[in-house]
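Here's the structure, in structure tokens; my notes come after.
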Amino acid sequence: MKKWTGKVMAGTVAAAVLFGGIGGLATAPKAFADDDITYTVVPDASIPLHKRVDLGLNAIVVQASGIINMNVDDLKDELQKGKTIAEVARKSGVERSELISRLVNPALERVDNALNQKRITEEEATQLKKEVTDKFSAAVDKSGYQDKSSGKYAKKLKLKTHVDEESVAKVLGITENDLDAAFSSGKTIADIAKEKGLSEDQVIAGLKDELNESLKAFINKK
């Protein structure tokens with residue numbers, strides 16, 4: 001039985017890590033016109049922009065490994081030898097333009113979703129879209145690129161979960177092959193769940209027992 005490896009933290013933070021960030025809260029000041037009441041939803045600027053939209057910039061190597069169809073540790077090994085993600089991808093039959101497109105598009109979609117949900121402004125969306133394109137492009141061309149999560153404190157702070165791929169597929173109502181294909185195309189569990197009409201809470205509830213075991217092991221880890 002295959003395992004799906006990811007990162008989780010307790011409670012609402014678990015949802016944030018598993019699904020790529022927690023959306024900002026929205027305020028709703030009232031604007032009155034004659035006898036009608038109009039509610040205007042505006043982004044909550046008190047929440048930092050990058051906490052309202054997770055661009056996935058801390059997991060570029062992980063995302064690229066799925067696109068290249070390469071084990072993430074093997075990709076990291078190649079990068080540590082001084083290669084670029086683009087070079088490794090090309091040897092695996094994935095051209096740089098396709099790699100960048102498949103990395104960038106999901107992030108741009110998250111920006112658009114945040115804009116539609118009034119978590120960010122038009123100006124912020126423009127800023128984030130430029131940042132997405134610039135940083136993903138720079139990352140795939142940088143020799144020895146490593147995700148920030150691979151830094152000095154990653155070992156202590158990283159919580160690895162061992163969730164049966166069969167369990168994830170069952171909660172989502174798809175086959176394991178369909179799940180593998182979705183991961184390879186760069187989709188997250190949240191993306192798949194949304195397509196299936198499931199909320200993040202419903203998926204977390206379905207995986208609760210397995211996640212709890214990982215959390216128990218984590219808090220007792222020396």
Side-chain angles (χ1 to χ4, degrees), residues 6-31 38-67 72 85-86 96-97 99-142 145-154 156-159 161 182-183 185-195 198-204:
K7 300 177 186 176
V8 295
M9 294 179 68
T12 55
V13 181
V17 179
L18 190 59
F19 295 102
I22 301 177
L25 301 176
T27 56
K30 298 179 181 179
T38 301
Y39 295 95
T40 303
V41 180
V42 298
D44 186 349
S46 68
I47 300 174
L49 179 57
H50 287 84
K51 288 195 174 184
R52 283 180 272 152
V53 185
D54 181 1
L55 299 177
L57 297 176
N58 291 335
I60 293 175
V61 174
V62 175
Q63 295 174 60
S65 69
I67 296 170
V72 66
I85 298 176
R96 179 182 179 277
S97 58
L99 174 65
I100 292 178
S101 177
R102 292 177 64 179
L103 284 170
V104 167
N105 288 342
L108 294 180
E109 185 177 343
R110 288 195 286 273
V111 173
D112 286 334
N113 288 340
L115 179 61
N116 292 335
Q117 294 167 14
K118 307 299 182 184
R119 288 190 275 123
I120 59 175
T121 65
E122 291 276 2
E123 292 75 16
E124 289 173 330
T126 300
Q127 171 191 331
L128 289 174
K129 287 183 177 183
K130 183 178 186 305
E131 183 177 344
V132 164
T133 303
D134 291 346
K135 291 199 173 182
F136 274 112
S137 298
V140 302
D141 291 329
K142 181 178 179 180
Y145 179 85
Q146 295 291 329
D147 289 329
K148 289 183 179 179
S149 59
S150 300
K152 182 177 178 182
Y153 302 105
K156 275 290 183 184
L157 298 178
K158 187 183 295 183
L159 168 59
T161 65
F183 284 154
S185 68
K187 292 182 180 179
T188 65
I189 294 177
D191 294 331
I192 305 168
K194 184 177 179 181
E195 291 174 359
L198 298 171
S199 69
E200 295 176 1
D201 288 340
Q202 286 175 308
V203 177
I204 291 174

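Worth knowing before you read on, the calculation uses all heavy atoms, side chains too, and leaves out hydrogens, waters and symmetry mates.
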Nearest-0.5 Å distance, [atom1] of residue [X] to [atom2] of residue [Y]:
| X | Y | atom1 | atom2 | value |
| --- | --- | --- | --- | --- |
| Thr133 | Leu128 | OG1 | CG | 11.0 Å |
| Leu115 | Glu124 | CG | CD | 9.5 Å |
| Lys118 | Thr121 | NZ | OG1 | 10.5 Å |
| Ile85 | Gln63 | CD1 | CD | 9.5 Å |
| Leu108 | Leu55 | CG | CG | 9.0 Å |
| Gln127 | Glu122 | CD | CD | 13.5 Å |

Which atoms form the tightest heavy-atom contact between [X] and [Y], and what is the distance?
| X | Y | value |
| --- | --- | --- |
| Asp147 | Ile60 | OD1-N, 2.9 Å |
| Leu99 | Ala86 | CD2-CA, 4.1 Å |
| Val203 | Ile189 | CG1-CG2, 3.9 Å |
| Ile192 | Ala182 | CD1-CB, 3.5 Å |
| Ala64 | Leu103 | N-CD2, 3.9 Å |
| Ser101 | Pro106 | O-CD, 4.4 Å |

Item to check | Asp191 and Glu109, any side-chain heavy atoms less than 4.5 Å apart | outcome: no
Checklist entry - Are Tyr145 and Val61 side-chain neighbours, meaning at least one heavy-atom pair lies under 4.5 Å? => result yes
Checklist entry - Is it true that Asp141 and Arg96 have a side-chain N and a carboxylate O under 4.0 angstrom from each other? => result yes
Checklist entry - Is there a donor-acceptor contact under 3.5 Å from the side chain of Arg52 to the main chain of Ile47? => result yes
Item to check | Sidechain-backbone polar pair: Arg119 side chain, Val53 backbone, donor-acceptor under 3.5 Å | outcome: no
Next on the checklist: If you count heavy atoms of other groups shown closer than 6.0 angstrom to NZ of Lys194, is the number above 12?
Outcome noted: no
